[in-house]
Undergrad: 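One structure coming up, written as structure tokens, with questions to follow.
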Amino acid sequence: MTKPTISIPVQLPSAHYNVLVGATALDVLSEQAASLVKGRRALLVIDDQLPDRTIGAAVTALSHAGFALATTHLHALETNKTLAETQRLLIAAADEQLDRTDLVVALGGGIVGDVAGFVAASYKRGIAVIQCPTTLLSMVDASVGGKTGVNLNTRAGLMKNLVGAFHQPSVVLADVRTLDSLDDRHLRAGLAECIKHALIAENAIEERDMFQWTQGIIPRAIARDQEALIELVARNVRVKAAVVASDEREEASSTVGGRALLNLGHTFAHAIETIPNLSPDDNPENAPLVHGEAVALGLIAAAYTSRELNMLDENAVQLITDIVNTAGLPTTIANLPDDATILHLMAHDKKAHAGSLRLVLLESIGVARVVENVEDEFIAAGLAAIRA
Ligand code: GLY
């Protein structure tokens, strides 16, 4: 019997909406779209890797709800998360004569959601968007919380998410059936963000057993047990929703932490993932790393940096390495450039503040903290730990 869809409220100062998680969540796209927006035109932005049945289901649902549709595809590569692609989609919306009461629907992973969300945020100064995430990573993280945007190629290199807007979706439909077409590598990559949530869960909602629970459910998720995937997505969305609700626009002080805690491992990851020749298994055909793989390495580097600063004990570092291993994600990486190169890249991450490195580090499993002015030698200890 199909399990009922779980509805998780996201209650923010600027918006209230639900994340619907289940094995039939996309079935309600028609009624959700019809009830949430007044207009009857929509731009449907589709990840071009999705199978016809997923695309067909979304097209049929929106057509049944009476929407005139412009459909457009996006190839989900970081290099396509650009202003040029944004412009292409904005023109598609304008050609279809969408007005401010109309709708953008994002059907795909984080890249599609970020770009389509940014199109919705900027078209006519903002129209509604429904996020339909089709990757584990976008279900548990990117589709929830309203961050949208694109990368910018600057003199200093590729700056991730440098241009964007906060623009909350009207609803998020996380249908785990869509994960059937997700390859194992990307399923595992999504687990990196689940591990991250488990490592900050006590900050967010006093979820004391989340790490152990995550360690237990990972093998079932990898085996694609549908019930396990629904539980995993729902529990992670609750953590994400709680963190975002505490600090919608990432404005909390370092002492409070707030939404910045979601960046655990990410300053390392954003540096590592811009290096094109890194591969999770040393096979050049698998280069570059996907985001979740870089996050996994970033979590381990952050754990070792925390230990070097005497914030975290050795046992916790080992448990973190073990859970990353259980998820089949890399714990070390070959061909990592020297520390100076990585430190330079990390300093250019937009999360660095005024030239000094501000990192999210761990006090224990479940409790993270923002640390200002982390000196290079402590970061070097983190990098040494992930060098193969
Ligand atoms: N993915 C981090 C955030 O939503 O703030």
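Whatever order the structure lists ligands and atoms in, that order sets their numbers, starting from 1. Reckoned from all heavy atoms, side chains included, excluding hydrogens, waters and symmetry mates.
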Undergrad: With heavy atoms of K147 as the reference, note each atom of ligand 1 found under 4.0 Å away.
TA: 3 (C), 4 (O), 5 (O)

Undergrad: Report yes if some N/O of R259 lies less than 3.5 Å from some N/O of ligand 1; otherwise report no.
TA: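 Such a contact does occur with ligand 1.
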
Undergrad: Are the side chain of D102 and the backbone of R41 linked by a donor-acceptor contact shorter than 3.5 Å?
TA: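 Indeed, once roles are kept as given, a pair shorter than 3.5 Å links the two residues.
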
Undergrad: For residues E193 and N236, is any side-chain donor paired with an opposing acceptor at under 3.5 Å?
TA: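 Their side chains do not contain a donor-acceptor pair, so the 3.5 Å distance test is not met.
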
Undergrad: Can you find a side-chain donor-acceptor pair between S14 and E248 that sits under 3.5 Å?
TA: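 Distance-only check passes for S14 and E248.
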
Undergrad: Could you tell me the residue and atom name of the protein heavy atom closest to atom 4 (O) of ligand 1, and the distance to it rounded to 0.1 Å?
TA: K240 NZ, 2.6 Å

Undergrad: Which of these, D141, V244, L262, D114, has its nearest heavy atom closest to atom 1 (N) of ligand 1?
TA: D141

Undergrad: Are I222 and L191 side-chain neighbours, meaning at least one heavy-atom pair lies under 4.5 Å?
TA: yes

